[in-house]
Structure formats: C-alpha cells, structure tokens
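Okay, structure first, notes after.
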There are 2 protein chains.
Amino acid sequence: MSAKTHGLIDLLREAAWLFGNKAFDGSCCEGLSFMEYQALAEIQRSEDCPIQGVAKAIGFTKSGATRIVDRLERKGHVRKRRSPVDGRVCCVALTRRGKDATAAIMRSYAAYLGDVLKELDVRSAKRIAGSLESLIAAARRPRTASR
Amino acid sequence: MSAKTHGLIDLLREAAWLFGNKAFDGSCCEGLSFMEYQALAEIQRSEDCPIQGVAKAIGFTKSGATRIVDRLERKGHVRKRRSPVDGRVCCVALTRRGKDATAAIMRSYAAYLGDVLKELDVRSAKRIAGSLESLIAAARRPRTASR
DNA sequence: GATTATTGGTTGCCATTGTCAACTAATTAT
DNA sequence: ATAATTAGTTGACAATGGCAACCAATAATC
C-alpha cells in the first residue's frame, strides 16, 4: 500500500469522525444524534417511508429502526401512520417541526464547517463534491470477498 | 445557503457514516469498533501516550478513556505502564499485536474503498487529500459563537 | 519538612443505544 | 380455509460512555 493511500485513509477516518458523531453532540442539533439525523434525512428523502426503509438506509435491524423512529416521534419530528393500502406497513413522514429541525441542523452544520465552505468558489466545491462522490460510490458498490 | 453548500454537506454526512462507524462493523476490523481504532491510532501516533492524551484525541472524558484503554488492553492491543518520572501518569503503547492489528485494519479499510483508491493517480489523490485537509482544518479550528 | 491543593487515573452507578429472538397482526399463497 | 410470509413491536440483554466521588502521587504553600 502506497504512502499516498495510507495518508488518504487517515484523512478519511478523521473526517468521518469530525463530521459524523462528533459533529452532533452539544447543543447544536436540536437534541438529535447523528444517527437520528441520518434517519430523519432518509425520511425526508423518501416521503411516506416504511420502517424497513429507514432500517436499510441507516444500516439498522428493523427493531433498531422501530426504536429510532419511536424516539423521533416522541420528540415530535416525525409522524407514523398505518398505510391505507397495506395495513402492515407504516408510513413515516416529517412533521412541520421535523422539517424545521432539519433545516436548522443544516444551517448549523454549515456554520460548523465555517469559513471553508463560505469561501469555496464553485469550481472547488465541484471538485470536492466529485471526489466525495467517487469515494462514496466505491464504498457503496457491493464487494465480493474480504471484509 | 447555496445549493452547492447544501449538496456538499449531504455528501460529507454520507461519507462520515460510510467511513466511520459503519466501516467498522462486521468481521473486518479485528473486532475493534471505530472509536477503539481511533484510540489505537492516537496511541500509535504519540508513543507513551497518557490516558488523557487519548481522551483529548478522541473527545472522551478521562473516565471514558480509561475504559476504552482497558478494553484495548484486555484485547491485547495495548500495554499500560506507570510512568517512571511521574507516578500518576500512564504510558500507553501499542503491543506487537496492536501494531499488527492496525496494519491489518489499514489494509482492510483500503480494500473497502476498493477500486477508487487503487486507480487514483497521484494528482487526484493529492487533490482529494487537499480538500479533506482544509475541511478538517476548518472543523478543528476553534469557533467563537454558535453550536 | 508538614500540610494543603492539584492532577492523573479509576470506579460505582446510571442512561442511552441497538441487537436478538419471540411475538402480533395483516397479507398473500396454496 | 389454512398455511406461509411479511411489517412492525417488544422484552431481555450487552455494550458503551458520562458524572461524580474517589485514591494516589506530585506540586505548592506555609
């Protein structure tokens, strides 16, 4: 493994920490944890999201998903209804409050990144976004062996 | 907030998940969690690391650091000695096993990123590393208000 | 030099979090 | 009509990390 790869990996790990769980403590995030926000983001993305949709998106078992959705519901960010077409599935959706919260968190997250994002010109932002996209794609791509 | 910033933030959040806790489950990582590996990396970086050094590096309280170091010691990745100069502080260092484990994890982590890293030419790697470095620097920089 | 304050580390107790397996209820297949 | 499947929930549990009280060693003060 080259030194280049080695360094990149360390940077990724560090970034994963700084922008992940670490970024979601303290008073910033409407009292939501990182994973709660991940769930919220998925629920926002797919309107009328079933529990297992949440589970899949955030890599939890379905019981874990039940629990995180319950928590979000208790906090008022989400509402859960029985589907009218199939009485087994839940339709989870953001409430007004949930939408406000995600918007607020997005602002706060941006502030956290501070000057850098503000000062980025469009080309640099594209460049970084492109890098991240390929990395994410690589990580998402189903792998055969190892791990 | 511009759309550009918005998209970048989502990418960062996704990357933080994929390369953080998520990357460290399953059978890949010598049975270590993400935070355990973070601690291990810090201990490797600063030879004869005191407990509070670990705490500071990974954002835990000192009791949390005690716990994670104990866990690593029990698993045989780390040894803990009393400092000869100051009987209060611990000197934590990697064992042979710990060094092997970090190397193995590094390999596995690289494999996880799969083809992308392998195919990166030096210039692209530098570009990505540069982006991540500025983002990390921005996140590390002490901020005054908000959050 | 003895006493007090400080500092590094540990521990008991606790809350949070997420898994597993067993369960219920609704739907689909036979 | 009955059996099999599927979505979701729940009880019991293990892992994790914080808080505050604690111990022991060093540093500061008299």
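Lettering follows sequence order; numbering is per chain, from 1. Because only heavy atoms are used, hydrogens play no part in the values below, and waters and symmetry mates are left out as well, while side chains stay in. As the structure is a prediction and not an experimental result, all values here were calculated from the model.
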**Message:** Please report the distance, rounded to the nearest Å, between CG in A:Asp70 and P in C:dT17.
**Reply:** 13 Å
**Fill in**
By nearest-nucleotide position on DNA chain C, the 5'-leaning member of A:Ser33 and A:Ser83 is A:Ser33
**Request:** Please check if the side chain of A:Glu36 supplies one atom and the backbone of A:Ser33 the other of a donor-acceptor pair under 3.5 Å.
**Result:** yes
**Request:** Return the value, rounded to whole Å, for the distance between atom CZ of A:Arg88 and atom C1' of C:dC23.
**Result:** 16 Å
**Asked** Is the B:Tyr109 to B:Tyr37 ring centre distance short of 6.0 Å?
**Response** no
**Asked** OP1 or OP2 of D:dG8 less than 4.0 angstrom from a side-chain nitrogen or oxygen of A:Gln52, does that happen here?
**Response** yes
**Prompt:** Is the phosphate of C:dG8, meaning OP1 or OP2, less than 4.0 Å from a side-chain N or O of B:Lys56?
**Reply:** no
**Message:** Please report the distance, rounded to the nearest Å, between CD1 in A:Ile51 and C1' in D:dT6.
**Reply:** 14 Å
**Fill in**
From the candidates D:dA7, C:dG9, D:dG17, the one with an atom nearest any side-chain atom of B:Arg82 is C:dG9
**Message:** Please report the distance, rounded to the nearest Å, between CD1 in B:Ile68 and C1' in C:dG9.
**Reply:** 16 Å
**Message:** Regarding A:Thr66, tell me which of base, sugar-phosphate or nothing describes its non-hydrogen contacts under 4.0 Å with the strands shown.
**Reply:** base
**Message:** I'd like to know if A:Arg67 reaches the base of D:dG8 with its side chain such that a donor and an acceptor end up less than 3.5 angstrom apart.
**Reply:** no
**Asked** Has the side chain of A:Arg82 got a donor or acceptor atom that lies under 3.5 Å from a matching backbone atom of A:Gly87?
**Response** yes
**Complete:** Between the NZ atom in B:Lys75 and the CZ atom in B:Arg71, the distance rounded to the nearest 0.5 Å is 6.0 Å
**Spacing between B:Asn21 atom CG and D:dG17 atom C1', to the nearest angstrom** = 13 Å
**Request:** Calculate the interatomic distance between A:Phe60 atom CZ and C:dG18 atom C1'; express it in whole Å.
**Result:** 6 Å
**Message:** Looking at B:Ser63 and D:dC19, is any side-chain donor or acceptor paired with a base atom of the opposite kind under 3.5 Å?
**Reply:** yes
**Request:** Rounded to the nearest angstrom, tell me the gap between atom CZ in A:Arg74 and atom C1' in D:dT9.
**Result:** 13 Å
**Criterion side chain to side chain contact (heavy atoms under 4.5 Å, CB included) against B:Leu72, the qualifying member of B:Leu94, B:Leu32, B:Thr95** = B:Leu32
**Prompt:** Whole Å only: how far is the NZ atom of B:Lys62 from the P atom of C:dT11?
**Reply:** 13 Å
